[in-house]
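Below you'll find the structure, written out as structure tokens, and then a few comments.
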There are 2 protein chains.
Amino acid sequence: MSDGSADTRTEIMEATYRALCEQGYADLTMQDIADEVGKSKSLLHYHFDTKEDLLVAFIGFLIEEFEEKRGENAAEPADVRLREFVDWFVFSPEDDRAAFHIALLELRSQAPFTEAYREQLVRSDELVRETIVGIVEDGIESGVFRADADPDAISRLVFATMDGARIRQATLAEDGYAAAVRDALYDHVLSDLVVSE
Amino acid sequence: MSDGSADTRTEIMEATYRALCEQGYADLTMQDIADEVGKSKSLLHYHFDTKEDLLVAFIGFLIEEFEEKRGENAAEPADVRLREFVDWFVFSPEDDRAAFHIALLELRSQAPFTEAYREQLVRSDELVRETIVGIVEDGIESGVFRADADPDAISRLVFATMDGARIRQATLAEDGYAAAVRDALYDHVLSDLVVSE
């Protein structure tokens, strides 16, 4: 942001979230976002040249939010943190996250053609994977998880599984799908990580 | 198809596959598909009123292809069939399936707004899940898999995981991602199903 105003930036980012939920990605215009912020389109263009620039910043905003959020439960034991992390992918039909994930999926499908999106999504991907690796490593170190657990493999598995589950629930409007996949993941993978008393 | 010609139908469906790989979904026109078939746009419109109708038929074509393919290895032991099924989600960077999965992802992100897409995708989803359930049930019956294996849970887990892996590889252009997830799935879930000698 060129004027350094954190408030304006946050306002624009939150408006972008709402506009994506309402309009989806493909049909979204700078005017829609300006309307949602309640400011002029020229003010929006003062901060971002194009819709693409704005959305690159928006993915950056999501990444920052994720970083903040993941610090919140740092004092909890690793098995609790892992559960909370996995639960974060599960949403209910009333949640506006279904609409948001659809918009995000549209944006993700543009990543092969828009290098700036791809770079941000790779950053986001790495951050999520590192977060899971960190939780599993902490769990091994603190004796909550088995010493022979493989943090990289667990991280890949948890992320691909819950991302796939979330996408299927959002696109097929199938309530409870992500929760059912989470339960299968607990029963077949995560419960096996925990050292039994 | 109103003229009952299976050849014309197959030609149009194969041309649609190629056109989706080249153009993606959003920018695809009936003209692009007509050009790819090497026939006139009016001939295409004789068979399908709209691009949406054509793509609904195209998902139906993919479902038929899947049904044919899944019959091919019916005589193999269940553990071999499960491996082959999971491997089917893994593709190399040279494969045109990366481009195809991107186009399919665009189409999937339209499912909440286009009921006819959603219905076909739900059919496809159910077919894939039933296929995995069938393999696991056969494996239990034939003594290859543990008697306490849960076919529904395994089916959900395998499908969500490999779908998520495939999407991440295609959108982030990350070679080997799906293969790495598959390996983690084998090590942490599927190897545990098999009754040891």
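Lettering of chains follows the sequences in order, A, B, ..., and the numbering in each one begins at 1. Remember, predicted model here, so these are calculated numbers, not experimental data.
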- Give the C-alpha distance, both sets of side-chain angles, the deciding distance and a yes or no for side-chain contact (heavy atoms from CB on, under 4.5 Å) between A/Arg108 and B/Ile167. CA-CA 9 Å; A/Arg108 287 169 68 184; B/Ile167 289 170; 3.7 Å; yes
From [X] [atom1] over to [Y] [atom2], what is the distance, rounded to the nearest 0.5 angstrom?
X        : Y        : atom1 : atom2 : value
B/Gln110 : A/Ser109 : CD    : OG    : 8.5 Å
A/Leu157 : B/Leu157 : CG    : CG    : 7.0 Å
A/Arg156 : B/Thr161 : CZ    : OG1   : 13.5 Å
A/His188 : B/His188 : NE2   : NE2   : 14.0 Å

- Are A/Arg168 and B/Asp163 close enough that some pair of their side-chain heavy atoms sits under 4.5 Å apart?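 Yes, side chains in contact.
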If I measure from the heavy atoms of chain A, does [X] come under 4.5 Å with its side chain, its backbone, both, or neither?
X        : answer
B/Ala26  : neither
B/Tyr25  : neither
B/Ala170 : backbone
B/Phe113 : side chain

Decide whether [X] and [Y] are clustered together by the hydrophobic rule: side chain heavy atoms of Ile, Leu, Val, Met, Phe, Trp, Tyr closer than 4.5 Å, transitively.
X        : Y        : answer
A/Leu107 : A/Tyr17  : yes
B/Met162 : A/Val189 : yes
A/Leu43  : A/Phe58  : no
A/Leu121 : B/Leu105 : no
B/Val80  : B/Leu190 : no

- Side-chain ion pair, B/Glu174 and A/Arg129, N-O less than 4.0 Å: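 Salt bridge flag = yes for A/Arg129 with B/Glu174.
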Would you say [X] has more than 12 foreign heavy atoms packed within less than 6.0 Å of its [atom1]?
X        : atom1 : value
B/Glu141 : CD    : no
A/Glu68  : CD    : no
A/Arg97  : CZ    : yes
A/Glu67  : CD    : yes

- Task: May I ask you to name which of B/Asp125, B/Asp150, B/Ile102, B/Asp192 has the most heavy-atom pairs under 4.5 Å with chain A?
- Result: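 That would be B/Asp125.
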- Task: Considering only heavy atoms and a distance below 4.5 Å, find which of B/Gly24, B/Pro112, B/Ala165 pairs most often with chain A.
- Result: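 Top option by heavy-atom pairs under 4.5 Å: B/Pro112.
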- Query: With chain B, which of A/Ala153, A/Ala160, A/Ala173 has the greatest number of heavy-atom pairs at distances under 4.5 Å?
  - Reply: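 Maximum pair count with chain B is reached by A/Ala160.
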- Is there a donor-acceptor contact under 3.5 Å from the side chain of A/Arg118 to the main chain of B/Leu172?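 Checking the backbone N and O of B/Leu172 against the side chain of A/Arg118, a donor-acceptor pair under 3.5 Å is found.
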- Could you tell me which non-hydrogen atom of B/Thr171 sits nearest to which non-hydrogen atom of A/Ala111, and how far apart they are?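 B/Thr171 and A/Ala111 have their closest heavy atoms at O-CB, 3.5 Å.
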